[in-house]
Amino acid sequence: MPELPEVETCRLGLQPHVINHPIKQVIIRNSRLRWPIPIDLPKILINQCFTQLTRRGKYLLFTTPTGTLLLHLGMSGRVRIVPAMTPVSKHDHVDIVFDNDYCLRFNDSRRFGAMLWYSEDIQQHPLLVKLGPEPLTNDFNPAYLYASLRRRKQAIKLSLMDNHVVVGVGNIYANEALFRAGIHPLKPSHKVTRVAVSRLVEIVKIVLTEAIAAGGTTLRDFISADGSPGYFQQTLYVYGRGGKPCRVCDNQLIETRIGQRSTVFCEVCQK
DNA sequence: AATCGCGCCTGACGGC
DNA sequence: TGCCGTCAGGCGCGAT
């Protein structure tokens, strides 16, 4: 389940292998992802190069001179760079083959992912245009978040996971950031104090940055491996630890559901 | 505009 | 061993 740090790690790992390598073949074995892969994608991409690989939220954006390939990994999506001759495995849905006979291979068992083409300004794409700020930029700052939360009565955890508020904070990091900021996940958004909002902004940035740094250690063998997810290398305080003792105060962690998502917190440390 | 619940999908896991 | 139900979860979307 890639969160922003995994997507960023993926971007950094892919970059040297996909930029400025002419594409000679595109193989679509299964086009039924969240939305169908455009049928004419091979025709569009062949003989082009990706000139840039960027990220917006959890979307990877492969720029070409004629448009942008948009890739989302959903829950189970993985991309690897492998020799084009490598035998395919179950759920290997797409190969983008470069002229050096390596290919970008997309595998996605649950098919929540997406691969789309957009020939206009990608930032205006319907899936991107309404997204909130990137968490690691200065657009995500205490003044912005406080103003944004004031209009919202829903649980702070839901706001934090809402792409209109800030992108890239999924369930794992929402749980972790709220714990580390000492904020109860059910607290109504507009009741979180200025001070707590400031702390939350800072913590979100720290948690994500740490995770990206941890992911970086797996980059070395990116070509062969499906890099193990960065968050496993990060100490998790609450996620997946319901019923276990809090790492800070030893009190038993509470597990509940907020918006159909598993939520773990410490009722002593989080107010 | 905010908010809520639904559904897409497969693999892992527990119970019998 | 096998079958079946349940859970996991990003996130767009439609309804309110």
Side-chain angles (χ1 to χ4, degrees), chain A residues 1-11 29-37 55-61 70-79 88-94 106-116 118 122-135 144-178 185-192 204 207-208 211 226 228-232 236 238-243 255-264:
Chain A
M1 52 198 111
E3 295 229 19
L4 183 141
E6 288 74 42
V7 178
E8 180 62 14
T9 296
C10 182
R11 185 184 76 81
R29 299 185 190 83
N30 185 353
S31 62
R32 292 170 302 155
L33 302 181
R34 176 161 196 171
W35 298 281
I37 299 175
R55 180 185 58 72
R56 180 77 175 96
K58 297 180 188 170
Y59 291 93
L60 287 170
L61 308 174
L70 179 153
L71 179 65
H72 197 288
L73 301 177
M75 284 295 303
S76 54
R78 291 165 188 273
V79 278
V88 295
S89 318
K90 203 173 179 185
H91 309 304
D92 280 342
H93 303 314
V94 181
F106 174 69
N107 178 293
D108 185 7
S109 58
R110 290 182 211 180
R111 290 193 275 120
F112 283 10
M115 188 177 281
L116 298 170
Y118 198 62
I122 191 64
Q123 299 302 331
Q124 299 305 122
H125 190 285
L127 292 173
L128 306 187
V129 74
K130 288 177 181 168
L131 294 179
E134 286 289 326
Y144 161 79
L145 185 59
Y146 186 74
S148 179
L149 294 181
R150 286 210 61 173
R151 296 182 248 119
R152 295 171 173 267
K153 295 178 181 172
Q154 63 182 171
I156 179 67
K157 182 171 181 253
L158 289 172
S159 294
L160 199 53
M161 292 178 67
D162 187 328
N163 275 341
H164 299 100
V165 175
V166 60
V167 297
V169 182
N171 193 39
I172 297 174
Y173 292 117
N175 278 299
E176 292 302 306
L178 288 170
L186 280 169
K187 178 166 256 200
S189 301
H190 66 289
K191 290 191 176 169
V192 182
V204 165
V207 169
L208 295 178
D226 49 359
S228 59
Y231 51 79
F232 285 140
L236 294 178
V238 288
Y239 182 79
R241 298 195 64 245
E255 176 147 20
T256 181
R257 297 184 77 75
I258 301 179
Q260 293 114 293
R261 292 293 174 264
S262 145
T263 303
V264 187

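Just the heavy atoms: all of them, side chains too, but no hydrogens, waters or symmetry mates, feed the values below. Quantities reported herein were computed from a predicted structural model and do not represent experimental measurements. Residue numbers start from 1 in every chain, and the chains themselves are labelled A, B, ... in the order their sequence lines are given, proteins ahead of strands.
- Between the CG atom of A/L73 and the C1' atom of C/dC11 there is a distance of 14 Å, rounded to whole Å.
- Rounded to whole angstrom, the span from the CZ atom of A/R32 across to the P atom of B/dC9 amounts to 8 Å.
- Residue contacts for A/R257: at a heavy-atom cut-off of 4.0 Å it reaches the sugar-phosphate backbone alone, with no base atom in range.
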- request: Take A/L145 and A/V192, measure what side chain to side chain contact (heavy atoms under 4.5 Å, CB included) needs, and give me the verdict at the end.
  value: CA-CA 10 Å; A/L145 185 59; A/V192 182; over 6 Å; no
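- Across all strands shown, A/K90 has heavy atoms under 4.0 Å from sugar-phosphate atoms exclusively, and none from any base.
- Scanning residues 149-160 of chain A for heavy-atom distances under 4.0 Å to DNA chain C yields an empty list.
- Annotation: of the two residues near DNA chain C, A/N163 and A/E255, the 5′-most nearest-nucleotide partner is A/E255.
- With centroids closer than 5.5 Å and planes inclined by less than 30 degrees as the test, A/F112 and the base of B/dC8 pass as a stacked pair.
- As a whole-Å value, the separation of A/H190 NE2 from B/dA2 P is 14 Å.
- Residue A/R110 places no side-chain atom within donor-acceptor reach of the base of C/dG10, judged by atom type and a 3.5 Å distance cut-off alone.
- Rounded to whole Å, atom P of B/dG11 lies 10 Å from atom CG of A/N107.
- The shortest distance between the side-chain N/O atoms of A/H164 and the OP1/OP2 oxygens of C/dC11 is not below 4.0 Å.
- Summarising the geometry, atom CG belonging to A/L73 is positioned 7.5 Å from atom CG belonging to A/D108; distances are rounded to the nearest 0.5 Å.
- No salt bridge links A/E6 with A/K58; every basic N to acidic carboxylate O contact stays at or beyond 4.0 Å.
- Distance A/M75 CE to C/dG12 C1': 15 Å, rounded to the nearest Å.
- Remark: A/Y118 engages A/H125 in a ring-ring contact (aromatic ring centres under 6.0 Å, His included) (not counting sequence neighbours).
- OP1 and OP2 of C/dG10 both lie 4.0 Å or more from every side-chain N or O belonging to A/Y173.
- Remark: A/Y239 is in phosphate contact with C/dG9, judged by side-chain N or O atoms under 4.0 Å from OP1 or OP2.
- Of the candidates B/dG5, B/dG11, C/dC13, C/dC13 carries the atom nearest the A/W35 side chain, counting heavy atoms from C-beta on.
- Within the nucleic acid shown, A/R34 comes within 4.0 Å of at least one base atom, counting heavy atoms only.
- Rounded to an integer number of Å, the gap from A/Q260 CD to B/dC4 C1' is 8 Å.
- Residue-level contact check: A/L127 touches the backbone only, with heavy atoms under 4.0 Å from sugar-phosphate atoms and none from bases.
- With a 4.5 Å cut-off on side-chain heavy atoms, A/I37 and A/V94 count as touching.
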task: Dump the intermediate steps for side chain to side chain donor-acceptor pair (under 3.5 Å) on A/K157 and A/N171, then the final yes or no.
output: CA-CA 9 Å; A/K157 182 171 181 253; A/N171 193 39; 2.6 Å; yes
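- Of the charged side-chain nitrogens involved, none lies within less than 4.0 Å of a carboxylate oxygen, so that A/R241 and A/E255 do not count as a salt-bridged pair.
- Remark: P of C/dG10 and CG of A/L4 are 12 Å apart, rounded to the nearest angstrom.
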